[in-house]
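Everything on this sheet refers to the single structure shown next.
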Amino acid sequence: GLSGKNVIMFFGLVRSYKGLDVLIKANKILKRKMSNYQILICGESYGNDDYYLDLIKDNSDNTEIKWINKFIPSDEVKIYFSASDVVVLPYKTASQSGIIPLAYSFQRPVIASNIKGIREMVLDGETGALFEKNNSESLSDKIEQFFIQKKDYKNNIENFRENFSWSSFVNEIESLYKCLQ
């Protein structure tokens, strides 16, 4: 049922520090600006489901947000990433995220909070966009801009991913070795 829709995905375990509530609240603003989109929440809750279900009820008409509240097995991950247009990480705090490299491996841009540990992995305007943490309006603006601009991020993501390839790692080790001699 996602065909033809702009798909905004939140992926991973649902925990309070990951800011899913920020994305859900952004929907209330977003639906005044856009139509024909779907927010897809893919991940099991490790907290109070009712809190998020109430937020969804208060900030949507229950059609633009779909929550698959379960652990996503590795053989299904590709289905969800392939269906998405952008991956959103509205984290409130983090030291890093494995979701960003996963999104990049499927050549999906990322819209994420501008917080330490996350902003180093998202090149604003090149591999995605950064928004002000815990700010649903800022997030909705970035999502809207993403779909208005219809920018192709694939080459930038591919170039950024090269920084983390084995050949790049080996080159860095060899360079360090040469400096130490």
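Of all heavy-atom pairs between Leu89 and Phe131, the closest is O-CE2, 4.1 Å. Scanning all heavy atoms of the two residues, the minimum distance from Lys28 to Asn59 falls at CD-OD1, 3.4 Å. When all heavy atoms are compared, the tightest approach of Gly4 to Asn36 is O-ND2, 2.8 Å.
In this view, Asp85 satisfies the salt bridge (Lys or Arg N to Asp or Glu O under 4.0 Å) rule with no residue, not counting sequence neighbours. In terms of the ring pair (Phe, Tyr, Trp, His ring centres under 6.0 Å) criterion, residue partners of Phe160 (sequence neighbours excluded) are, by chain and number, Tyr104, Phe164. Evaluation of the salt bridge (Lys or Arg N to Asp or Glu O under 4.0 Å) rule for Glu132 yields no partner, not counting sequence neighbours.
With a 4.5 Å cut-off between side-chain heavy atoms of Ile, Leu, Val, Met, Phe, Trp and Tyr, the cluster of Ile148 takes in none.
A donor-acceptor contact shorter than 3.5 Å is absent between the side chain of Asn114 and the backbone of Leu130.
Leu123 is not listed as a side-chain neighbour of Asn156, based on a closest heavy-atom distance of 4.5 Å or more. The closest side-chain heavy-atom distance from Trp67 to Ile24 is not below 4.5 Å. Phe146 has its side chain out of reach of Lys142: every pair of non-hydrogen atoms, C-beta onward, lies at least 4.5 Å apart. Within the 4.5 Å cutoff, no side-chain heavy atoms of Lys25 are placed close to those of Ser140.
To the nearest 0.5 Å, atoms CD1 (Ile173) and NZ (Lys178) are separated by 12.5 Å. Within the model, atoms CG of Asn27 and CD1 of Ile39 stand 4.0 Å from one another, a figure rounded to the nearest 0.5 Å. The structure places CG of Asn155 at 8.5 Å from CD of Gln107, a figure rounded to the nearest 0.5 Å. Interatomic distance, OG of Ser97 versus CG of Leu102, reported as 9.0 Å (0.5 Å rounding).
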Self-check item: Full working for side-chain contact (heavy atoms from CB on, under 4.5 Å) between Ile143 and Val86
Solution: CA-CA 9 Å; Ile143 292 170; Val86 65; 5.6 Å; no
Quiz prompt | Verdict with supporting geometry, Leu53 and Asp50, side-chain contact (heavy atoms from CB on, under 4.5 Å) | solution = CA-CA 5 Å; Leu53 293 171; Asp50 291 337; 4.2 Å; yes
Quiz prompt | Candidate pair Glu64 and Ser35, rule side-chain hydrogen bond (donor to acceptor under 3.5 Å, both in side chains), full reasoning | solution = CA-CA 9 Å; Glu64 66 273 356; Ser35 60; over 6 Å; no
Exercise. Dump the intermediate steps for ring pair (Phe, Tyr, Trp, His ring centres under 6.0 Å) on Tyr80 and Phe106, then the final yes or no.
Key: CA-CA 10 Å; Tyr80 296 106; Phe106 288 97; over 10 Å; no
Self-check item: Intermediate values then yes/no, side-chain contact (heavy atoms from CB on, under 4.5 Å), Met9 and Cys42
Solution: CA-CA 7 Å; Met9 184 173 69; Cys42 301; 3.9 Å; yes
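Glu144 pairs with exactly one of Lys150, Lys33, Arg32 by the salt bridge (Lys or Arg N to Asp or Glu O under 4.0 Å) rule, that one being Lys33.
Other residues, nucleotides and ligands place more than 12 heavy atoms under 6.0 Å from the NZ atom of Lys70. At most 12 heavy atoms of other shown residues, nucleotides or ligands fall within 6.0 angstrom of atom NZ in Lys133. Shown here is Lys31, whose NZ atom has more than 12 heavy atoms of other residues, nucleotides or ligands within 6.0 Å.
Among residues at least two apart or in separate chains, there is no ring-ring contact (aromatic ring centres under 6.0 Å, His included) pair with a member in residues 19-49.
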Atom pairs and distances, donor-acceptor, side-chain atoms in residues 10-22, under 3.5 Å, two or more places apart:
residue, atom, partner, partner atom, Å
Lys18, NZ, Leu13, O, 3.2
Asp21, OD1, Lys92, NZ, 3.1
Asp21, OD2, Tyr51, OH, 3.4
Asp21, OD2, Lys92, NZ, 2.9

